[in-house]
Amino acid sequence: MDTPLAAALRTATRTEHEQAEHMPFVGELMAGRLPLAAYVDLLSQHHAIYHALEAAEPFVRADCAGASVVVDGLARSGSIESDLAVLCGPTWRDGLRVLPATRRYVDRLRATAQTWVGGYVAHAYTRYLGDLSGGQAIRTVLRRTMAVPDDALAFYTFASIPKPKLFKDAYRARLDALPFGVDERARVIDEARVAFRLNADVFADLGAVHLPAVRREPATDVA
Ligand code: HEM
């Protein structure tokens with residue numbers, strides 16, 4: 001229990017973070033080589049995931065400890081909807097589809113984040129600190145390489161958080177102040193690892209749909 005929760009979360013999820021970062025779909029995204037349709041599909045998955053995560057907010061806010069980690073400026077559901085409307089037009093809802101890994105992620109959010117403050121903490125940490133970190137690099141690629149217009153990048157634009165680094169430090173301090181006992185803290189850390197793996201699974205499903213087989217398979221020596 002000596003290590004503060006935020007530092008423990010970072011250390012415990014390092015391997016899962018690297019695995020998610022190295023998924024082929026993420027590699028193609030970061031190289032700016034994805035067709036726009038693939039990015040729209042990623043946003044569709046985010047739509048389902050963030051709705052399930054943010055549906056937990058009233059429950060978490062009602063908890064005297066949990067209330068400190070629900071921050072208005074973090075919520076992404078509205079910005080995902082406005083990005084989809086810009087990219088796909090007014091009938092954007094008709095094009096939404098939820099991949100199997102996303103369905104599993106949403107089920108997990110319902111069972112954990114929506115019923116247990118620690119579950120919300122694990123999943124909110126994984127998504128929001130990610131969006132404020134690597135997400136900012138993704139934003140740059142979408143803008144510069146894939147020419148996604150600024151008005152379709154609301155998902156990565158945290159209007160009330162001008163300095164992500166300062167915000168992340170303050171958010172970590174809130175995590176550290178949560179009154180979890182030893183067992184619950186261990187469960188929170190386990191759940192964050194699950195959250196990372198669920199994200200990697202979503203990238204795997206997206207890769208299966210959008211990447212040619214040659215880019216999905218590891219190189220094998222057939223000689
Ligand atoms: C495009 C792929 C990714 C890149 C380039 C990337 C990059 C980074 C970088 C550079 C940081 C460190 C920022 C800092 O120290 O303030 C970071 C932190 C983080 N990333 Fe990622 N990331 C990627 C994918 C992901 C994914 C898929 C997730 C999970 C959904 C994720 C979740 C996180 C979290 C939770 C942190 C905060 C770690 C901490 O300080 O506790 N990242 N990422």
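We count residues from 1, following the sequence as given. Scope of the values below: all heavy atoms of this structure, side chains included, with no hydrogens, waters or symmetry mates. In each ligand, atom 1 is the first atom listed, and ligand 1 is the first ligand listed.
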Could you measure the distance from the [atom1] atom of [X] to the [atom2] atom of [Y]? Nearest 0.5 Å is fine.
{"X": "Leu99", "Y": "Arg104", "atom1": "CG", "atom2": "CZ", "result": "10.0 Å"}
{"X": "His46", "Y": "Asp41", "atom1": "NE2", "atom2": "CG", "result": "11.0 Å"}
{"X": "Leu178", "Y": "Arg185", "atom1": "CG", "atom2": "CZ", "result": "11.0 Å"}

So with a 6.0 Å cut-off around CZ of Arg197, is the heavy-atom count from everything else above 12?
yes
Kindly indicate, with the supporting measurements, whether the criterion salt bridge (Lys or Arg N to Asp or Glu O under 4.0 Å) is fulfilled by Arg187 and Asp183.
CA-CA 6 Å; Arg187 283 177 62 214; Asp183 291 348; over 6 Å; no
Find all atoms of ligand 1 within a distance of less than 4.0 Å from any non-hydrogen atom belonging to [X], and give their numbers and elements.
{"X": "Arg127", "result": "30 (C)"}
{"X": "Lys168", "result": "13 (C), 14 (C), 16 (O)"}
{"X": "Ser133", "result": "11 (C), 13 (C), 17 (C), 18 (C), 19 (C), 43 (N)"}
{"X": "Met30", "result": "1 (C)"}

Among protein heavy atoms, which lies nearest [atom], and at what distance?
{"atom": "atom 28 (C) of ligand 1", "answer": "Phe196 CE2, 3.8 Å"}
{"atom": "atom 6 (C) of ligand 1", "answer": "Gly134 CA, 3.4 Å"}
{"atom": "atom 37 (C) of ligand 1", "answer": "Leu129 CB, 3.8 Å"}
{"atom": "atom 15 (O) of ligand 1", "answer": "Arg10 NH2, 3.2 Å"}
{"atom": "atom 38 (C) of ligand 1", "answer": "Tyr125 OH, 3.4 Å"}
{"atom": "atom 3 (C) of ligand 1", "answer": "Glu21 CG, 3.3 Å"}

Is there a heavy atom in [X] that sits closer than 4.0 Å to ligand 1?
{"X": "Arg172", "answer": "yes"}
{"X": "Phe203", "answer": "yes"}
{"X": "Val26", "answer": "yes"}

Do Glu54 and Tyr120 touch side chain to side chain, with heavy atoms closer than 4.5 Å?
no
Student check: side-chain heavy atoms of Trp116 and Val188 closer than 4.5 Å:
yes
Which atom of His17 approaches atom 21 (Fe) of ligand 1 most closely (N/O/S):
NE2
Return a yes/no value for Thr126: is any of its N or O atoms, backbone included, closer than 3.5 angstrom to an N or O of ligand 1?
no
Check whether any N or O atom of Asn199, backbone or side chain, sits under 3.5 Å from an N or O atom of ligand 1, and answer yes or no.
no
Under a 4.0 Å threshold between the charged nitrogen and the carboxylate oxygen, would Asp176 count as salt-bridged to Arg172?
no
Got a salt bridge between Arg76 and Asp131, using NZ or NE/NH1/NH2 to carboxylate O under 4.0 Å?
no
Check the pair Glu81 / His51 against side chain to side chain donor-acceptor pair (under 3.5 Å), numbers first and verdict last.
CA-CA 10 Å; Glu81 295 192 356; His51 268 273; 2.9 Å; yes
Protein heavy atoms near atom 10 (C) of ligand 1, is at least one of them under 4.0 angstrom away?
no
Would you find a donor on one side and an acceptor on the other, under 3.5 Å apart, between the side chain of Asn199 and the backbone of Ala195?
yes
